[in-house]
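The structure appears below as structure tokens.
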Amino acid sequence: MKRLLEINIAVVFLFLYVPILTVVAFSFNSSEQTAVWQGFTFNWYAALFEDAALWRACRNSLIVAGAATLIATVIGTATALAIERHRFRFRAALVRCLYLPIIIPDIVLAIALLTFYVQARIPLGIISLIIAHGVFNIAYVTIVVRARLQGYDNSVEDAALDLGATQWQTFWRITLPLIAPGIIGGALLAFTLSIDDFVITFFTAGVGWTTLSVHIYSLLKFGITPKINAISTMLLVNSIVFILLFLRFREKKEKSPSL
Amino acid sequence: MHRNYRLLILLFPVVFWLLCFFIIPLLSVFAYSFIERGTYGGVQWNFTLENYQRLFDGLYLGILWRSVSTAIVATALCLLLGYPFAYYLARYQPKWRNVLLLLVVVPFWTNFLIRTYAWMLLLRTEGVLNSLLAVLIPTAGPVELLNTPIAVQIGLVYGYLPFMILPLYASLEQLDMSLMEAAQDLGASPRRTFWHVTVPLSLPGILAGSMLVFIPTVGAFITPDLLGGGKVSYIGNVVERQFKSARDWPFGSALSFMLMCIVLAGTVLYFRTLQGREDDGEATGK
């Protein structure tokens with residue numbers, strides 16, 4: 001029985017990693033014909049550095065993800081505080097409404113925003129993109145920060161207030177440092193999802209604002225070239241570095257005393 | 001500061017954002033689904049039910065059914081691969097489980113387009129799998145794998161497997177092993193113990209994982225587009241076509257409204273099942 005389970009583990013990991021590692025391997029292949037191995041080369045990587053369109057797409061992605069993450073982190077944190085620390089009339093309705101952008105398929109949200117932009121005469125471009133990314137990012141940040149707020153009870157805050165701290169002092173010195181890991185975690189998640197998003201960007205970007213995902217999609221539609229392998233490998237390395245940083249950061253947080 | 005005043009400041013941005021850029025856009029799709037298509041690709045503001053009538057055309061019902069059944073098969077395959085995986089991690093691997101879980105998540109943090117592209121590289125006619133086949137059996141011609149429903153199915157399982165494994169692991173890890181031992185001590189066979197103790201106790205994980213796989217796969221666009229090559233239609237692609245090339249926005253709106261209803265029905269069913277189980281648990285607990 002245990003043997004069978006171990007075989008399953010091996011199958012799952014082969015399934016998960018063979019495709020990705022194939023892409024990495026072929027990014028060093030000197031052949032234009034991507035399926036046959038001819039020799040080792042760095043040429044495709046060298047070509048990336050001269051690709052102006054690719055760098056422009058990267059820059060656009062960073063601008064959109066950065067702006068949307070900043071907005072969503074502020075709004076999402078405020079929302080989480082309101083939901084967890086206050087009782088109000090439409091609280092349950094708000095919570096449900098916040099989950100909706102995550103539940104409904106990307107393509108539905110994308111075309112909903114597209115029809116809205118057209119009717120409201122909002123031009124498709126950077127603003128429409130940041131607004132669209134804000135919608136799903138706010139939801140994710142709220143969920144992560146709420147989880148952090150549920151992790152401790154507000155007696156610490158009550159204690160600070162009893163000891164004579166003002167509301168502002170309590171917020172800046174007690175609440176904010178306590179929920180900071182949640183806020184940073186939510187922001188990182190939002191940033192990653194923004195960079196990765198294709199469907200919503202594809203519908204709401206208009207012509208001038210090609211992001212990295214949209215750029216990659218048009219490359220794939222045009223035909224498979226060795227350059228795509230090099231881009232993919234770079235992105236893979238990026239996300240591994242990102243995960244390692246995230247884990248390092250979390251470990252440090254856990255080692256330092258929590259209160 | 002007055003408490004109500006503070007609450008207002010905290011809530012204003014989110015209410016504004018969700019109302020303007022989520023609720024109103026959804027209403028706008030709903031409105032679009034009831035109007036007529038214009039002659040030159042625009043729309044004409046005349047009320048009609050024709051878009052919904054077209055949905056019940058044999059063609060579109062077939063596409064809808066293909067999307068739903070593909071999502072169900074993808075969910076089942078993820079469960080089949082993911083359950084033994086999560087079970088093994090939770091039960092036998094206290095030392096390596098965090099590393100193994102991390103290895104499951106790494107592909108998930110990589111761009112979805114890139115992950116789908118990896119399968120294009122493997123499956124296409126002049127791709128890696130066909131090259132391997134040519135070396136192994138020189139007489140067999142290349143098999144067409146890309147642009148088939150099977151390619152789409154593989155791509156969906158590949159894309160969403162981590163979503164199944166993580167909740168399954170979370171619920172199996174919390175499981176009290178002594179319950180299984182008790183069942184076996186009382187004479188239950190390992191198989192009986194598994195089906196009557198382990199599976200029911202891990203049902204919340206099974207349900208959560210199934211939801212997380214079913215929802216994105218039923219409305220998937222990228223995977224059918226890149227791995228299906230537009231040769232087989234799924235609801236996500238038909239919606240895209242209405243908005244990008246066919247320029248029939250009202251019909252596209254009706255389609256996506258239908259898609260949203262399917263997903264919401266799935267969600268409601270999920271919460272009902274979960275709630276029903278909790279009620280049962282309370283009843284037997286007393």
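Naming: A, B, ... by sequence-line order, numbering from 1 per chain.
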Region of A:Val118 in contact with chain B, defined by heavy-atom distances below 4.5 Å: side chain
Region of B:Asn130 in contact with chain A, defined by heavy-atom distances below 4.5 Å: neither
B:Leu18 portion near chain A, given a 4.5 angstrom heavy-atom threshold: side chain
Region of B:Leu26 in contact with chain A, defined by heavy-atom distances below 4.5 Å: both
Which atoms of B:Pro216 approach chain A - backbone, side chain, both or neither, heavy atom under 4.5 Å: neither
B:Leu100 portion near chain A, given a 4.5 angstrom heavy-atom threshold: both
Contact origin within B:Leu19 toward chain A - heavy atom pairs under 4.5 Å: neither
B:Tyr158 side chain to A:Leu16 backbone, donor-acceptor under 3.5 Å: yes
Main-chain N/O of B:Leu103 paired with A:Tyr17 side-chain donor or acceptor, under 3.5 Å: yes
Inter-residue atom distance B:Trp109.CH2 - A:Leu235.CG, 0.5 Å rounding: 14.5 Å
Any side-chain heavy-atom pair of A:Asp196 and B:Thr110 under 4.5 Å: no
B:Phe85-A:Phe13 aromatic ring centre distance below 6.0 Å: yes
Parallel, tilted or perpendicular: rings of A:Phe198 and B:Phe221 (30°, 60°): parallel
B:Val239 side chain near A:Ile111 side chain, heavy-atom distance below 4.5 Å: yes
B:Phe22 vs A:Ile104 side-chain heavy atoms within contact, under 4.5 Å: yes
Part of A:Ile231 lying under 4.5 Å from any heavy atom of chain B: neither
Under 4.5 Å from any heavy atom of chain A - which part of B:Thr267: side chain
Most contacts with chain B, counted as non-hydrogen pairs under 4.5 angstrom, among A:Leu114, A:Leu193, A:Ile240: A:Leu114
Chain A contact via B:Tyr87 - side chain, backbone, both or neither, heavy atoms under 4.5 Å: side chain
Chain A contact via B:Phe243 - which portion, at a heavy-atom distance below 4.5 Å: side chain
B:Leu81 portion near chain A, given a 4.5 angstrom heavy-atom threshold: both
Side chain / backbone / both / neither for B:Gln242 at chain A, heavy atoms under 4.5 Å: neither
Ring-face cation of A:Lys2 near B:Tyr92 (centre distance under 6.0 Å, axis angle within 45°): yes
Per-residue contact mode, B:Ile154 against chain A (heavy atom under 4.5 angstrom): both
Under 4.5 Å from any heavy atom of chain A - which part of B:Val157: both
For A:Thr115 against B:Ser253, the heavy-atom pair lying closest together: CG2-OG, 4.4 Å
Gap between atom CG of B:Leu11 and atom CZ of A:Arg91 - 0.5 Å precision: 10.5 Å
Which portion of B:Leu264 sits near chain A, non-hydrogen atoms under 4.5 angstrom: side chain
